[in-house]
A.B. asks: 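Structure provided below as structure tokens; questions to follow.
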Amino acid sequence: MRILLVEDDAMIGEAVRKALAEGSHAVDWARDGADGIAHWRDTAYELVILDLGLPRRDGLSVLKEARRDGLSTPVLILTARDAVQDRVGGLDAGADDYLLKPFDLDELMARVRALGRRQAGQVQPRIEHLGLALDPATRDTTFQGRPVALTRREFALLSALVEQPGRVWTREQLVERLYGWNEEIASNALDVHVHALRRKLSADFIRNARGVGYFVPKE
């Protein structure tokens, strides 16, 4: 997933950013509420992780404004505010989940995966399609019963394609899914990942939509 992290604490933000990246997510990290809402408007994120006690703009006001503007991205609130009314206020303002600081990174990642499944309309934690099985929690992958070793970006690319079989992803959409801010992207990076996946799975598992991008067939 492409995730926006809005967190002003450098230590917490770096720990969360690293955990998300290791989980095959592309992460953009904003350090205050004003930057957070600006980037949220400009980019098609699949999840926003939002602190409440932020400089320049409070996280709750950011969330309320985003919902008023019609931004429907799922939101996971991270905060040290543990009063019941704070949690109720965040959820009523449009948050989808709430995690109190301090928190365990494993729990955070489990909540991220759950919100990702909900966003994709999935019920089962494993993704299965055309002999392929992906486990987002462990990144374990099998194809036609045999284990397949994938890099984190190969896993992220394959997950995007099989979550919505038949959907044609443009090259730009796939690059946004794989890379966050300030990450160097070679001009042929996407083609390299696709070539590697075809070699590890089968040559026709990922198809070309000429002049547009790539897709995985429905059947």
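We use all heavy atoms of the structure for the numbers below, so side chains are in, but hydrogens, waters and symmetry mates are not.
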A.B. asks: For D35 and A30, indicate whether the former's side chain and the latter's backbone hold a donor-acceptor pair under 3.5 Å.
C.D. replies: no
A.B. asks: Atom CD1 of I49 and atom CG of L99: how far apart are they, to the nearest 0.5 Å?
C.D. replies: 9.5 Å
A.B. asks: Does L150 share a hydrophobic cluster with I127, counting links as ILVMFWY side-chain heavy atoms below 4.5 Å and allowing steps through other members?
C.D. replies: yes
A.B. asks: Under a single-linkage definition using a 4.5 Å side-chain heavy-atom cutoff for Ile, Leu, Val, Met, Phe, Trp and Tyr, are V148 and V216 assigned to the same hydrophobic cluster?
C.D. replies: yes
A.B. asks: For the residue pair V6 and D32, what are the closest heavy atoms and their distance?
C.D. replies: CG1-O, 3.6 Å
A.B. asks: So, are D97 and R111 salt-bridged, with charged N and O less than 4.0 Å apart?
C.D. replies: yes
A.B. asks: Taking the side chain as C-beta and beyond, is there a heavy-atom pair between W40 and D69 under 4.5 Å?
C.D. replies: no
A.B. asks: Taking the side chain from R57 and the backbone from L54, do they hold a donor-acceptor pair closer than 3.5 Å?
C.D. replies: no
A.B. asks: Which atoms form the tightest heavy-atom contact between I77 and A95, and what is the distance?
C.D. replies: CD1-CB, 3.5 Å
A.B. asks: Is there a side-chain contact between V112 and H25 (heavy atoms, below 4.5 Å)?
C.D. replies: yes
A.B. asks: P74 and E46: which non-hydrogen atoms are nearest, and at how many Å?
C.D. replies: CD-O, 3.4 Å
A.B. asks: Should R81 and D58 count as an ion pair when the cut-off is N to O under 4.0 Å?
C.D. replies: yes
A.B. asks: Would you call L76 and V48 a side-chain contact if the rule is heavy atoms closer than 4.5 Å?
C.D. replies: no
A.B. asks: Do the side chains of V16 and L20 get nearer than 4.5 Å, heavy atoms only?
C.D. replies: yes
A.B. asks: What are the two closest non-hydrogen atoms of D140 and F155, and how far apart are they?
C.D. replies: O-CE1, 4.4 Å
A.B. asks: About how many Å separate CG of L197 and OG1 of T151, when rounded to the nearest 0.5 Å?
C.D. replies: 7.5 Å
A.B. asks: Can you tell me how far CG of L91 sits from CG of L63, rounded to the nearest 0.5 angstrom?
C.D. replies: 9.5 Å
A.B. asks: Side chains of L158 and L134: does their closest heavy-atom pair fall under 4.5 Å?
C.D. replies: yes
A.B. asks: Tell me whether L201 is reachable from L157 by hopping between hydrophobic residues (I, L, V, M, F, W, Y) whose side-chain heavy atoms are closer than 4.5 Å.
C.D. replies: yes
A.B. asks: Within 45 degrees of the axis of the six-membered ring of W169 and under 6.0 Å from its centre: does R171 put its NZ or CZ there?
C.D. replies: no
A.B. asks: So how far is it from L161 CG to Q164 CD, rounded to the nearest 0.5 Å?
C.D. replies: 9.5 Å
A.B. asks: Is it true that R198 and D191 have a side-chain N and a carboxylate O under 4.0 angstrom from each other?
C.D. replies: no
A.B. asks: Between E154 and R139, does any NZ, NE, NH1 or NH2 come within less than 4.0 Å of an OD or OE carboxylate oxygen?
C.D. replies: no
A.B. asks: Using a 4.5 Å cut-off on heavy atoms from C-beta on, say whether the side chain of L47 contacts that of L4.
C.D. replies: no
A.B. asks: Indicate yes or no: does D9 engage K101 in a salt bridge with an N to O separation below 4.0 Å.
C.D. replies: no
A.B. asks: Heavy-atom count check: over 12 atoms from other residues, nucleotides or ligands less than 6.0 Å from K200 NZ?
C.D. replies: yes
A.B. asks: Evaluate side-chain contact (heavy atoms from CB on, under 4.5 Å) for F103 paired with I12, printing each intermediate quantity in order.
C.D. replies: CA-CA 10 Å; F103 53 86; I12 293 174; 4.2 Å; yes
A.B. asks: Using a strict cut-off of less than 4.0 Å between a Lys/Arg side-chain nitrogen and an Asp/Glu carboxylate oxygen, indicate whether R87 and D82 qualify as a salt bridge.
C.D. replies: no
A.B. asks: May I ask you to test the E7-W29 pair for a side-chain heavy-atom distance under 4.5 Å?
C.D. replies: yes
A.B. asks: Report yes or no: do L78 and L60 belong to one cluster of Ile/Leu/Val/Met/Phe/Trp/Tyr joined by side chain heavy-atom distances under 4.5 Å?
C.D. replies: no
A.B. asks: Distance from R67 atom CZ to S72 atom OG, nearest 0.5 Å?
C.D. replies: 7.0 Å
A.B. asks: Which pair of non-hydrogen atoms, one from P125 and one from P136, has the smallest distance, and what is that distance?
C.D. replies: O-CD, 3.2 Å
A.B. asks: Could you tell me the separation between the CG atom of L190 and the CD atom of Q173, rounded to the nearest 0.5 Å?
C.D. replies: 11.5 Å
A.B. asks: Under 3.5 Å, is there a donor on one side chain and an acceptor on the other for Y45 and D28?
C.D. replies: yes
A.B. asks: Are the side chains of F143 and L130 in touch, meaning some heavy atoms are under 4.5 Å apart?
C.D. replies: no
A.B. asks: Hydrophobic clusters here meaning ILVMFWY residues chained together by side-chain heavy-atom distances under 4.5 Å, can you tell me if V27 and L108 are in one?
C.D. replies: yes
A.B. asks: If every non-hydrogen atom of A26 is compared with every non-hydrogen atom of R177, which pair is closest and at what distance?
C.D. replies: CB-O, 3.3 Å
